[in-house]
Amino acid sequence: MSDEQTETGTGWPQPAGPGRPAGPAGEPDPRPDAPDPDELSPLAPREKPGDGERSGAEGGDVEPVEDATVELSSTPASAPAGRGRVSAASVMIAALLALLGFTLVVQLKTTSTDPASGATRQEDLVRILSDLDARENRLRQDIAALEESQRQLRSGEQGRQAALEEATRRADELGILAGTLPATGPGLSVRFEAGAKPISAVHVLDAVQELRGAGAEALQISGGDRATVRIIASTYFLDGENGSLIVDGRRLTGPYTITVIGDPATMRTALNIPGGVVASVQGDGGTVHVEDREVAEVSALHAPIKLEHARPVS
């Protein structure tokens, strides 16, 4: 041992300072006033300031141990445990949303800047427009065809209606002339009364011819016995017995009355010409009475004539 160890009587060297005395590691200090090694450990609990002061005062030369407590965690123990998890989830969602937005922006830029996609879209639009134009042209052609058909139908209907009306008019005219239809209109009433001589068939025939020449359209003759015969183109007149007349095979007695439809003034003039029918009948002692009729009715009908040889020209 050294001289210092011999002087202390402990076999330990003189301590180097106010801290832990020098000596072999793990062996306690044999000095009675040596501090406890556990109290000098950084992990040992700190003494209250009052206790340290009292120890220093009582012990004399023992100094208070400096604060060697190590702070194990910077996070307060009272912080909520779920705050860290919520913050992590929010950060993850924000990152995913940012990634999705970035992907959409890149996709839109790629689509808008892709020349192939733009060309294809333009070709589709041109094709659709061409199809619509072709369909419009077809519809316009169909409309024009339908309008032409409608015009033809109307024209044909109007033509058929006009032809029907014309045919009806002609049939009426022919029926009146043929004596198969009754007629009415302005005209005259011509009455023959016999004098010293009876009214002959020649006088009646002359009167009928004069009336036809003046534009008579329908005629009939009546006798004193009210028998009536329709006068047509084929009607004939014969003298009968006792001053009677035979008209188309039917016997009439006087006085005789001819009802005629036509222009009254013209027919009256034709009958009263000098040397005409009125003058001839008056020369034989008879009398002719001519009266205007606003409405003259020719109601007697003639049986239709059956043609045996005549045919219409085709």
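Remember, predicted model here, so these are calculated numbers, not experimental data. For the numbers below, each heavy atom of this structure counts, side chains included, while hydrogens, waters and symmetry mates do not.
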Sidechain-backbone polar pair: Asn242 side chain, Ser244 backbone, donor-acceptor under 3.5 Å: no
Quick one: CZ on Arg135 to CG on Leu139, what's the gap to the nearest 0.5 Å? 7.5 Å
Is there a donor-acceptor pair under 3.5 Å between the side chain of Arg230 and the backbone N or O of Ala178? no
Taking the side chain as every heavy atom from C-beta outward, state whether Leu271 and Met267 have any pair of such atoms under 4.5 Å apart. no
Check whether any side-chain heavy atom of Ile232 sits under 4.5 Å from a side-chain heavy atom of Ile305, and report yes or no. yes
Among Leu252, Asp248, Val247, Val229, which residue meets the side-chain contact (heavy atoms from CB on, under 4.5 Å) test with Phe237? Val247
Point-to-point distance, once rounded to the nearest 0.5 Å, from OG of Ser200 to CG of Asp206: 8.0 Å
Count I, L, V, M, F, W, Y as connected when their side-chain heavy atoms are under 4.5 Å apart, and connections chain through other members. Are Val298 and Val190 then in the same cluster? no
Is any side-chain heavy atom of Ile231 closer than 4.5 Å to a side-chain heavy atom of Arg212? yes
So does Ser299 get a backbone contact from the side chain of Gln220, meaning a donor-acceptor N/O pair under 3.5 Å? yes
From His302 NE2 over to Ser234 OG, what is the distance, rounded to the nearest 0.5 angstrom? 5.0 Å
Counting only N and O atoms by type, is there a donor-acceptor contact under 3.5 Å from the side chain of Tyr236 to the main-chain atoms of Gly249? yes
With a 6.0 Å cut-off (strictly less than), is the heavy-atom count around CD of Glu166, excluding the residue itself, greater than 12? yes
Contact between Asp292 and Arg268 at the side-chain level, heavy atoms closer than 4.5 Å - yes or no? yes
Supply the atom-to-atom distance Leu129 CG to Asp124 CG, rounded to the nearest 0.5 angstrom. 12.5 Å
How about Glu193: does its CD atom have over 12 heavy atoms from other parts shown lying under 6.0 Å from it? yes
Side-chain heavy atoms under 4.5 angstrom apart, residues restricted to Ile, Leu, Val, Met, Phe, Trp, Tyr: same cluster for Leu205 and Ile199? yes
Do Arg191 and Pro255 come close enough that some side-chain heavy atom pair is under 4.5 Å? yes
Partner of Leu188 under side-chain contact (heavy atoms from CB on, under 4.5 Å), chosen from Val290, Thr266, Ile261: Val290
Quick one: does Thr269's side chain have a donor or acceptor within less than 3.5 Å of a partner on Ala265's backbone? yes
Would Glu147 and Arg151 pass as an ion pair if we require N to O under 4.0 Å? no
Just how far is it from atom CG of Leu181 to atom CG of Asp172, taken to the nearest 0.5 Å? 6.0 Å
Where do Phe192 and Ile258 land on the side-chain contact (heavy atoms from CB on, under 4.5 Å) test, with the steps shown first? CA-CA 8 Å; Phe192 295 91; Ile258 297 177; 3.6 Å; yes
Shortest non-hydrogen contact from Ile176 to Pro182? CG1-O, 4.3 Å
Might you confirm whether atom CZ of Arg293 has over 12 heavy atoms from other residues, nucleotides or ligands at distances under 6.0 Å? no
Within 6.0 Å of CD in Glu241, more than 12 heavy atoms from elsewhere: no
CZ of Arg140: more than 12 outside heavy atoms within 6.0 angstrom? no
Is a side-chain N or O of Thr180 found less than 3.5 angstrom from the main chain of Gly175, in a donor-acceptor match? yes
Would Leu219 and Thr259 count as a side-chain contact (heavy atoms from CB on, under 4.5 Å) here? Give the steps. CA-CA 6 Å; Leu219 301 95; Thr259 305; over 6 Å; no
Taking the side chain as everything from C-beta on, heavy atoms only, tell me whether Glu136 gets closer than 4.5 Å to Asp133. yes
Looking at CZ of Arg169 and CD of Glu165, how far apart are the two atoms once the value is rounded to the nearest 0.5 Å? 10.5 Å
Would a 4.5 Å heavy-atom cut-off, applied to side chains only, mark His203 and Ser280 as touching? yes
Thr253 side chain reached by Arg251 side chain, heavy atoms, under 4.5 Å: yes
Measure from the side-chain N and O atoms of Asp239 to the backbone N and O of Ala201, and report whether any donor-acceptor pair falls under 3.5 Å. yes
